[in-house]
Amino acid sequence: EEIGPDELRGVFVAIALGNGLVEIVDIYDLDATCRGGNAACEEPPTTLDERVFIRRHSPRIGDFVAVESSVLGTPTFSTEGNTGRLLNDGTSESGGPGLIVLAQCPSALGALFPATAVESSEGAVICGVVEPWSAREETWQADWEGAIPGATNGLARFDPDDPNVIRMEGARLCDRGVLGSENLAASALTADDPESQYGGDQVFIVSDPPLVGNPPQVRPECARFVADEENAIRDEIPMAILDANDGFLRVQASADLRDCYTTESGSFLFSIEVRVREAFAVQGSRSGFPHRVIPNEEGACRVDRDEQPIVADEPATFLNGRAFNDTAYINPWVAFTISNAGGLVPGDNSTLTFRLDDVPPILVADIGSRGTGRVSTLIEGLHYSETDQRLYVVDANTDGLIQYTLSPFNREQTFE
């Protein structure tokens with residue numbers, strides 16, 4: 001008889017999550033001896049039994065694992081609106097940048113693309129986490145001079161006392177990973193730090209100038225900063241960031257740009273967007289934009305080398321969201337090297353996109369699941385009954401009590 005991942009016989013921990021799920025963590029699985037062809041099992045194990053992954057003090061894998069993580073379909077590179085598939089040798093059909101074949105995957109990462117590299121462990125252009133407990137099913141995107149997620153603000157203004165300072169109260173730019181040239185210099189980086197070759201981010205104003213006069217209109221000299229109906233025609237002028245702070249940016253601002261976004265009262269608010277400069281902004285749909293940036297005591301952004309040092313051969317320490325041309329890019333989840341054979345320059349558009357798939361699911365119970373859909377939940381308590389060997393979940397939001405059997409792990413009754 002096949003002993004599935006949902007058979008909970010032993011010692012386990014049930015954890016209530018804020019999203020209404022209950023996750024199971026392995027402590028001591030009494031069926032573990034039956035895995036992988038162990039003769040101690042009364043019944044001979046099947047092939048499926050051998051593909052059940054179990055590890056103490058780790059989330060319970062909720063399915064038989066047939067294959068390791070992989071790249072779904074074919075990665076693409078889009079350059080100046082021309083999207084092309086990534087070929088097995090790393091070149092792109094779009095004619096722009098591509099990926100360089102890696103000599104080997106970093107430690108703890110495995111070959112994900114192309115499929116021939118997965119089979120032979122040679123010729124990989126994309127590496128990633130293959131361990132079932134660490135792998136994540138998500139889409140990765142690398143945008144040439146792309147925006148840093150969360151580093152946008154619609155309440156920015158030029159400081160009336162310092163025309164090179166843009167203030168944004170409560171922006172928390174360090175938490176977003178923003179870095180200026182002076183922040184990098186003050187971080188005392190070494191050659192081992194991937195940010196050491198970087199010159200700092202840049203900021204753009206992405207809203208129209210203020211209206212003045214009667215009738216209200218944009219001043220003629222500022223018309224080039226006004227977007228059309230499709231938000232396409234706007235003369236975007238980059239401002240290099242010198243110093244990034246949690247509440248302000250000190251920049252190199254041109255006089256005409258400053259003048260067009262300043263009124264007599266000096267209180268005009270505009271929207272800004274922080275983007276990386278001459279690099280690719282890398283982010284995962286679940287993992288976000290990895291970085292090691294923290295504020296110091298004065299609120300200035302610094303790369304945290306003391307508490308988050310880069311350790312060679314440990315991808316988990318490479319928290320960096322900027323990929324540079326012809327330089328190996330590594331983060332805790334993926335690794336690749338972008339080749340700038342297409343000759344990208346500032347202002348160009350180019351995007352690498354790929355999705356990781358075949359990640360085994362974690363064994364969870366969705367408390368909010370109902371036959372007609374899903375309802376909001378607020379898990380107030382988890383209780384195990386030794387009498388009937390059931391798990392009971394108290395949902396305060398619906399005043400409900402949900403009963404689960406443990407072998408197999410399954411909803412048995414809902415009391416409302």
Side-chain angles (χ1 to χ4, degrees), residues 51 65-132 134-146 194 276 278-287 289-290 313-316 318 320-345 348-360:
R51 302 300 292 176
V65 181
V67 295
E68 293 181 333
S69 301
S70 63
V71 171
L72 177 65
T74 305
T76 61
F77 235 123
S78 175
T79 302
E80 296 301 321
N82 181 24
T83 300
R85 296 181 307 161
L86 200 69
L87 304 180
N88 285 355
D89 63 357
T91 58
S92 172
E93 291 182 334
S94 67
L99 298 183
I100 296 175
V101 176
L102 303 172
Q104 62 181 18
C105 289
S107 174
L109 302 183
L112 296 183
F113 181 84
T116 53
V118 177
E119 297 171 357
S120 65
S121 298
E122 295 181 356
V125 296
I126 297 178
C127 300
V129 174
V130 293
E131 183 195 59
S134 302
R136 297 183 178 185
E137 187 173 278
E138 63 181 324
T139 297
W140 281 95
Q141 186 167 304
D143 292 301
W144 173 252
E145 295 199 327
V276 303
E278 296 187 43
F280 287 83
V282 183
Q283 62 175 308
S285 56
R286 288 184 57 192
S287 303
F289 179 80
D313 298 327
E314 291 189 20
F318 283 73
N320 170 45
R322 299 169 181 88
F324 306 104
N325 291 318
D326 303 315
T327 302
Y329 173 78
I330 304 171
N331 71 29
W333 304 279
V334 295
F336 51 82
T337 300
I338 297 177
S339 169
N340 191 19
L344 291 176
V345 297
D348 285 349
N349 294 306
S350 186
T351 301
L352 166 69
T353 305
F354 60 90
R355 179 168 179 78
L356 302 188
D357 197 25
D358 292 326
V359 176

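Basis for what follows: all heavy atoms, side chains included, without hydrogens, waters or symmetry-related copies.
Checked by atom type and distance alone, the side chain of E122 never pairs as donor or acceptor with a backbone atom of A117 at under 3.5 Å. Between the side chain of D348 and the main chain of V345, a donor-acceptor pair closer than 3.5 Å is present. A donor-acceptor pair is defined here as one N or O able to donate and one able to accept, closer than 3.5 Å; no such pair exists between the side chain of D143 and the backbone of A281. With S285 contributing its side chain and T139 its backbone, the two residues share a donor-acceptor pair below 3.5 Å.
Summarising the geometry of S350 relative to F77, their closest heavy-atom pair is OG-CE2, 3.5 Å, with the distance given to 0.1 Å. What you find for G110 and V130 is that their closest heavy atoms are CA-CG1, 4.2 Å. When every heavy atom of R136 is checked against every heavy atom of R286, the shortest pair comes out as CB-NH1, 3.9 Å. The nearest pair of heavy atoms linking I338 to P97 is CG2-CB, 4.2 Å.
No side-chain heavy atom of Q141 sits less than 4.5 Å from a side-chain heavy atom of V282. P75 is not listed as a side-chain neighbour of W140, based on a closest heavy-atom distance of 4.5 Å or more. Between T337 and L99, every side-chain heavy-atom pair lies at or beyond the 4.5 Å cut-off. F113 has its side chain within reach of N88: a pair of non-hydrogen atoms, C-beta onward, lies under 4.5 Å apart. E80 places a side-chain heavy atom less than 4.5 Å from the side chain of N349. Here the side chains of V71 and L356 are in contact, with some heavy-atom distance below 4.5 Å.
Under 3.5 Å, the side chains of S92 and S94 contain a donor-acceptor pair of N or O atoms.
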Exercise. Run the numbers on L87 and E93 for side-chain contact (heavy atoms from CB on, under 4.5 Å), then give the verdict.
Key: CA-CA 7 Å; L87 304 180; E93 291 182 334; 3.8 Å; yes
Practice problem: Go through L102 and C127 one step at a time and tell me if the side-chain contact (heavy atoms from CB on, under 4.5 Å) criterion holds. | Solution: CA-CA 9 Å; L102 303 172; C127 300; 3.5 Å; yes
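With sequence neighbours excluded, the residues that form a ring pair (Phe, Tyr, Trp, His ring centres under 6.0 Å) with F280 are W144.
The environment of Q104 atom CD is sparse: at most 12 non-hydrogen atoms of other residues, nucleotides or ligands sit within 6.0 angstrom.
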Would you list the atom pairs, donor with acceptor, under 3.5 Å between side chains in residues 329-336 and any protein atom, with sequence neighbours excluded?
from, atom 1, to, atom 2, distance (Å)
Y329, OH, N320, O, 2.6
Y329, OH, N331, ND2, 3.0
N331, OD1, W333, N, 2.7
N331, OD1, V334, N, 2.8

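Rounding to the nearest 0.5 Å places CD1 of I126 at 12.5 Å from CG of L109. Rounded to the nearest 0.5 Å, atoms CG (D357) and CD (E138) are 12.0 Å apart. In this structure, CD on E278 lies 6.5 Å from CD on E145, to the nearest 0.5 angstrom. Rounded to the nearest 0.5 Å, atoms OG1 (T74) and CZ (R355) are 15.0 Å apart.
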